[in-house]
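Proteins come first, then strands; the chains are lettered A, B, ... in the order of their sequence lines, and each starts at number 1. Worth knowing before you read on, the calculation uses all heavy atoms, side chains too, and leaves out hydrogens, waters and symmetry mates.
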Amino acid sequence: MPTELSKQYDPREAQQKWLALWDERGYFHARPDENCEPFCVVIPPPNVTGALHMGHALNNTLQDVLVRWRRVQGYDALWMPGTDHAGIATQAVVEKRVREEEGKSRHDLGREELVARIWRWKDQYEARILGQLKQLGASCDWARTRFTLDEVCSRAVRQTFFAMFRDGYIFRGKRLVNWDAQLQTSVADDETYTENVQGGFWTFKYPVKGTGEFIRFSTTRPETMLGDTAVAVHPSDPRYQHLIGKLVTIPLVGRDIPIIADGLLVDPALGTGCVKVTPAHDPNDYACGLRHKLPMINILNADGTINKEGGKYAGLERSVARDEVTKDMEALGLFEGREDRAIPLKFSDRSKTSIEPLLSDQWFVKMADRDDGKPGFAQTAMDAVTSGKVKIFPERYAKSYLDWLGEKRDWCISRQLWWGHRIPIWYVRCPEEALTTAFAGRQDVTWRRDEDNDQWLVCALEDLPDDVLGPQYPLRRDPDVLDTWFSSALWPHSTLGWPDSTPELRHYYPTSVLVTSRDIITLWVVRMVITGLYNVGDVPFRHVYIHPKILDGFGETMSKMKGNGVDPLDIIELYGADALRFGMVHLATENQDSKLPVSNVCPHCGALVSVKREHMYLRTKKLTCPECKKAFRPGGPWPSPDPELPTAKQGSEKFEQGRNFANKLWNAARFLLLNLEGYTPGALRLEELPTEDRWILSRLATTTKEVTEHLEGFHFSDVARAVYDFTWSEFCDWYVEMSKGRLRDEASRPQAQRVLAGVLDTILRLVHPVMPFVAESIWQALGEAAFERGLPSPEPSPESVVIAPWPSFPAEWRDAATEKRIARMQDLVRAVREIRNRYGVDTKTPVDVLVRCDDALAGDFRRLEPFVKTLANVGTLECGPSVTKPPQSAGTVHPEFEGYVSLRGLIDPEAEAKRVEKQIAEKRKHLQATQGKLSNESFVSKAPPEVVEQQRALVAELQGQIQVLEENLRELRQG
RNA sequence: GGGCGCUUAACUCAGCGGCUAGAGUGCUAUCCUCACACGGUAGAAGUCACUGGUUCAAAUCCAGUAGCGCCCACCA
């Protein structure tokens, strides 16, 4: 029963109960309804590697706010959930576990077994992540949950790759990879580490042909000289101007290479100012090689020995070749010296041997414009934004999107991993007839010639058996997998069933809005636009909303290692899911970062101990709680629990506002429910309502309009603020207080109940997208006591706030005159309270108040007299034009009236006089400034007339107030 | 190195050309009054980073300076 509502809102109980109820009733399940306008959001799929962090909490809260709002607005709302297989990250986590628990490497397990292990890991963590999202209150359509590596997504990936390959958007190209010569495999960047090792810095010289001159250069890897294809100097370096365009000979291999000018590669201040260029074995040289169309000579075999390009050095180990090369150069008199130097060197995580940058064949998606008339991918994506088909909020992020695309850099999509979508390419050496015969009439196989390697590249929609061409032409499948972002790029349409034309795809695509963070605009947003346009023929979403990034109290990124992160689940436990959500919505401003100070929660007493810089990176092993003086271990990525010292969870006081707000709402509802006895539903006629009712309805109508507009413009912080301010500062602080007397009066009670119930009903609808749990709790309780309610006419209430229609009120409800009337009364009440406080007059002792004002105002105050009397505990209230300041009273001046509180025996005339003097001084200063403006001829002539008028009115007002204050002062001094 | 952003009360942030610059937290005083102490009432607290400029008018627009941060590229 309603009267049993506890004094404090218990989020935990509510969360359990309503999650189950919502799920059971299927509120979040969407069925494509042609007669209903769709609103669709696809979740940025979280990685299955670990737990959700604060960024996820923010991202998903904002999506949920939008989806819940649109759903109750009557849209056919679908929020598509799912997770990402996150190639490298997931494989690395599982490999690490296998290594730690079994001491085995992935090579010990083999590809199949490792992938099987990762699938098991994925099932476990996917369940955990989805569970966390549910705890947050995310209103996803869980029945549609997808995974970027599941069958549905795989089919889309296969189809996309096949079509892009067939259409010539996917091509094979060269790229430098990290080559592990011991394991004879390339390794991903994440699998390497850099160490400073003692190395050499050699200086050599090459003879410049036909000049007798030499050009000097330095290197840390002399053996790469065998693969040099140019020497570069800075275009504006005066020392070498005359040599640009000349040829030099590499003596050891007898190759002639040009001297080129390259401002990007060469820093004239470093070394000799000349750089040898080895495009096949150095990332910078590679870029330079592309710019100058230099030959790229690979001098290494897979095992790290020098290949046939190295001439007489062929077959030598790298290090041996280095010595030999140096020795031979010295013998030729071309060696100038060597100095010891610490050199950063990349190593492979697994073999611990040094990484060799090696040019290898990789797969790319072509971004640049094409010469065959088909659109270039980069351009189509740029057009989508410049034409406004995709709108980015805040607008400034459109610039990063366009800038990045403007480079039109090809997208390398092959990764040397085992976990992911395997590239559907088979290599075979055979005459083409073998292919045409075997695949005659098949649309699902296509092939292209790879002249460099004398082979065919065969792409197929379904896996091809190795012997499909017969035993003499075995197929070899590409071992690599696709970049994770390749499958993520298809997410908005693959999750809806593409390549099939499903009802979902037809109805919900393009989706409505994508909510994400700015660091993946280029990795993800751009690529979704490209594939959406290519596969479906339309953009994937109409709007992109980029939310801020959450940083710690010092403005640093949060990370487990630093120990400055906050676990959303801890916040839910400590403050409730609604508090977490309110906090997230509240910090979502237009700003690009938002700081969230972090605290350790004392495991003994729950006190918050703020995390300081020196606590980070596990530098502090033990902290003492300032409250209970007991010791604990600060939160962080501790590998195991400490038996001696309990570890703190991490929290933040930022969420107290949301928790308190939920409690405030709860108690406002409690108040109403305790006063609903005898409630009967009934229609309200605006014109018959008393001032206070028209006032709260006017404020409610304004708030509703504002909240709706803030949601439409993605101004989330303003949404939270508007709902909070109205509920707390207007409804609770004033209207509820004003209703107390009316509820005790038999005659006015029914109407007060109806308005209170109606306003609370609307507040719940407005609060629901942000704080669904507390809204539902109150909604259900209210439903028992006042099932039929509403504004202006009562209706049976929907069975859940989750499906309660979004409110909107006629513009006439907003009533500026009434709002002004109440504001004036509030000013009077506040002034009386201030005087009461100042003189320490107990709230239980009534004071007499006199107000000098015109007749109209006096009439107003008389109508509102009961409120003035109860809100400020006023004994007698006298008002009118003939009122004079009583002796021994304190006063207040207002633009429209003067108020006096009689303080017989309490007043300190001297203190009061000083106060009045101070006020006079302030008003005079203000008056002077205002008059100054008005005496400025150009202000009067150039400023808009209403601004000038405003200032004139202000002058009159101030003069009046000063006059009153001066009279009061005289009276105080005389009396 | 390129791009973007931030600097307003003790802290976290609103305000984006025209009120005597606001909120939440914290602080001070007071009140456990029959919705709420996760509360009420009132109060104190700001050279709007600095220097110039534009404008009748600048926290707000422009330029520069300093500090902080994010993203991207890179460190022969």
Side-chain angles (χ1 to χ4, degrees), chain A residues 5 7-9 194 201 217-221 224 232 264-267 270-271 274-278 282-285 287-288 343-344 394 396-397 399-400 403-404 407 517-522 548-549 551 553-557 575 579 586-587 589-597 610 652-654 656-675 717-718 721 724-725 729 732-733 736-737 740 829-830 833-838 840 842-844 871-873 922-923 925-926 929-930 933 936-944 946-948 950-951 954 958:
Chain A
L5 290 188
K7 261 178 141 177
Q8 272 194 6
Y9 170 61
T194 305
F201 192 65
F217 60 88
S218 301
T219 180
T220 55
R221 294 187 295 161
T224 59
L264 289 174
L265 182 69
V266 182
D267 179 348
L270 284 176
C274 300
V275 182
K276 64 191 237 11
V277 186
T278 325
D282 181 276
N284 294 308
D285 293 6
C288 172
I343 297 163
R396 71 183 117 97
Y397 292 115
K399 191 173 149 40
S400 4
D403 283 354
W404 189 83
E407 292 179 32
S517 62
R518 69 181 185 286
D519 46 347
I520 53 175
I521 292 174
T522 54
K549 183 183 172 70
L551 307 173
F554 307 104
E556 293 189 35
T557 33
Y575 303 102
H586 195 258
L587 64 70
T589 63
E590 300 261 304
N591 212 319
Q592 76 176 11
D593 313 307
S594 264
K595 278 186 259 186
L596 188 72
S610 55
S652 175
E653 61 183 32
K654 268 258 167 179
E656 286 176 10
Q657 191 181 6
R659 177 198 60 186
N660 296 354
F661 182 44
N663 195 52
K664 187 73 176 179
L665 256 175
W666 175 256
N667 273 291
R670 211 165 78 94
F671 164 78
L672 175 59
L673 292 168
L674 291 169
N675 285 284
S717 184
D718 294 331
R721 202 178 33 73
Y724 179 94
D725 285 349
S729 311
C732 291
D733 285 354
V736 165
E737 291 306 320
K740 283 179 178 171
V829 169
R830 275 191 276 252
R833 284 169 175 171
E834 191 269 323
I835 291 168
R836 179 192 281 286
N837 245 289
R838 187 144 44 88
D842 182 287
T843 42
K844 283 170 193 144
L871 293 170
N873 193 13
E922 277 168 9
K923 302 265 180 201
K925 207 172 142 197
H926 191 196
T930 313
K933 272 191 207 173
N936 180 346
E937 182 46 42
S938 43
F939 170 70
V940 180
S941 59
K942 288 188 183 167
E946 61 272 21
V947 174
V948 177
Q950 201 183 15
Q951 295 299 307
L954 187 58
L958 286 166

N/O-N/O pairs, protein side and nucleotides 55-62 of chain B side, under 3.5 Å:
from: B:rC56; atom 1: OP1; to: A:Lys942; atom 2: NZ; distance (Å): 2.5
from: B:rC56; atom 1: O2'; to: A:Asn936; atom 2: ND2; distance (Å): 3.2

Report yes or no: does A:Asn663 contribute a side-chain atom to a donor-acceptor pair with the main-chain N or O of A:Arg659 at less than 3.5 Å? no

So, is A:Arg670 near the phosphate of B:rC36, with a side-chain N or O under 4.0 Å from OP1 or OP2? yes

Could you run down the sub-3.5 Å N/O contacts of the protein with nucleotides 13-15 of chain B?
from: B:rC13; atom 1: OP1; to: A:Lys595; atom 2: N; distance (Å): 2.5
from: B:rA14; atom 1: OP1; to: A:Thr589; atom 2: OG1; distance (Å): 2.6
from: B:rA14; atom 1: OP1; to: A:Asn591; atom 2: ND2; distance (Å): 3.3

Just checking A:Lys925: base, sugar-phosphate only, or nothing, at a heavy-atom cut-off of under 4.0 Å? nothing

For B:rC68 versus B:rU8, give the span between their P atoms, rounded off to a whole number of Å. 15 Å

Report yes or no: does A:Ser594 contribute a side-chain atom to a donor-acceptor pair with the main-chain N or O of A:Leu587 at less than 3.5 Å? yes

For RNA chain B, produce a single dot-bracket line, 5' to 3'. Pairs: Watson-Crick or G-U wobble, both distances under 3.5 Å. Symbols: ( ) within strand, [ ] crossing, | other strand, . unpaired. ((((((((.[[[[.)..(...]]]].(((((.......))))).....[[[[[..)....]]]]])))))))....

Does A:Lys549 place a side-chain N or O at less than 4.0 Å from the phosphate oxygens OP1/OP2 of B:rG69? no

For a quick test of reading the model, state the closest non-hydrogen atom pair linking A:Thr522 to A:Trp404 and the distance between them. CG2-CG, 3.2 Å

For the atom pair NZ (A:Lys549) and CG (A:Leu596), what is the distance rounded to the nearest 0.5 Å? 13.0 Å

Nearest to the A:Lys664 side chain among B:rG69, B:rG39, B:rA29, which nucleotide is it? B:rG39

Among the nucleotides B:rU25, B:rG69, B:rC4, which one has an atom lying closest to any side-chain atom of A:Leu551? B:rG69

For nucleotides B:rG18 and B:rU55, find the distance between their C1' atoms and express it as a whole number of Å. 12 Å

Main-chain N/O of A:His586 paired to A:Ser717 side chain as donor or acceptor, under 3.5 Å: yes

A:Asp718 CG to A:Glu590 CD distance, which is reported to the nearest 0.5 Å: 8.5 Å

If you pin A:Asp285 and A:Gln8 to their nearest nucleotides in RNA chain B, which one's is more 5'? A:Gln8

Which one, B:rU20, B:rC36, B:rU33, comes nearest to the side chain of A:Thr843? B:rU33

Between A:Arg670 and A:Gln8, is there a donor-acceptor pair closer than 3.5 Å when you use the side chain of the first and the backbone of the second? no

Could you measure between the two P atoms, the one in B:rC16 and the one in B:rG26, and give it in whole Å? 28 Å

Please report the distance, rounded to the nearest Å, between CH2 in A:Trp404 and P in B:rC70. 22 Å

Is it true that a side-chain atom of A:Tyr575 and a backbone atom of A:Ser652 form a donor plus acceptor pair closer than 3.5 Å? yes

Write down the distance between CG (A:Asn667) and C1' (B:rC38), rounded to a whole number of angstrom. 9 Å

Just jot down the side chain to side chain donor-acceptor pair (under 3.5 Å) partners of A:Asp593, sequence neighbours excluded, or say none. A:Arg518

Taking the C1' atom of each, how far is B:rG39 from B:rG24, in whole Å? 16 Å

Rounded interatomic separation in angstrom, taking CD from A:Gln657 and P from B:rG26: 11 Å

Where do A:Arg221 and A:Asp282 land on the side-chain contact (heavy atoms from CB on, under 4.5 Å) test, with the steps shown first? CA-CA 10 Å; A:Arg221 294 187 295 161; A:Asp282 181 276; 3.8 Å; yes

Just checking A:Tyr724: base, sugar-phosphate only, or nothing, at a heavy-atom cut-off of under 4.0 Å? sugar-phosphate

When all nucleic acid strands are considered with a 4.0 Å heavy-atom cut-off, which category describes A:Gly840: base, sugar-phosphate, or nothing? nothing

Listed nucleotide nearest any side-chain atom of A:Ala668, set B:rA29, B:rU20, B:rA35: B:rA35

Rounded to whole angstroms, how far apart are CZ on A:Arg836 and C1' on B:rC31? 12 Å

Check every strand shown and say whether A:Arg838 touches a base, only sugar-phosphate, or nothing at a heavy-atom separation below 4.0 Å. nothing

From the candidates B:rU12, B:rC36, B:rG3, the one with an atom nearest any side-chain atom of A:Lys399 is B:rG3

With a 4.0 Å cut-off, would you call A:Glu834 and A:Arg838 a salt bridge? yes

For a quick check of understanding: with a heavy-atom distance under 4.0 Å over all strands, which category does A:Arg830 fall into, base, sugar-phosphate or nothing? sugar-phosphate

Can you work out whether A:Glu656 or A:Glu922 has the more 5'-proximal nearest nucleotide on RNA chain B? A:Glu922

Applying side chain to side chain donor-acceptor pair (under 3.5 Å), can you list everything that pairs with A:Glu656, at least two apart in sequence or on another chain? none

How many whole angstroms separate atom NZ of A:Lys7 from atom P of B:rC32? 14 Å

Please find the pair of heavy atoms, one from A:Asp842 and one from A:Arg836, that lie closest to each other, and give the distance. O-NH1, 2.6 Å

If you check every side-chain atom of A:Val736, which of B:rA35, B:rC4, B:rA42 has the closest atom? B:rA35

I'd like the P distance from B:rU20 over to B:rC38, given in whole Å. 38 Å

Distance test, side-chain N/O of A:Arg833 to OP1/OP2 of B:rA42, below 4.0 Å: yes

Please give, in whole Å, the distance from B:rA37 P to A:Arg659 CZ? 12 Å

Qualifying residues under ring pair (Phe, Tyr, Trp, His ring centres under 6.0 Å), relative to A:Tyr9, sequence neighbours excluded: A:Trp666

Measure CG/A:Asp725 against P/B:rG22 and give the value in whole Å, please. 14 Å

Is A:Lys740 close enough and on-axis enough to A:Phe671, meaning under 6.0 Å and within 45°, for cation-pi? yes

Closest to the A:Asp403 side chain, choosing from B:rG3, B:rC38, B:rC36: B:rG3

When you compare B:rG46 with B:rG22, how far apart are their C1' atoms, in angstrom units rounded to a whole number? 11 Å

Please give, in whole Å, the distance from B:rG5 C1' to A:Gln592 CD? 4 Å

Expressed as a whole number of Å, how far does the P atom of B:rG52 sit from that of B:rC70? 32 Å

In whole Å, measure the gap between the P atoms of B:rU51 and B:rU60 for me. 13 Å

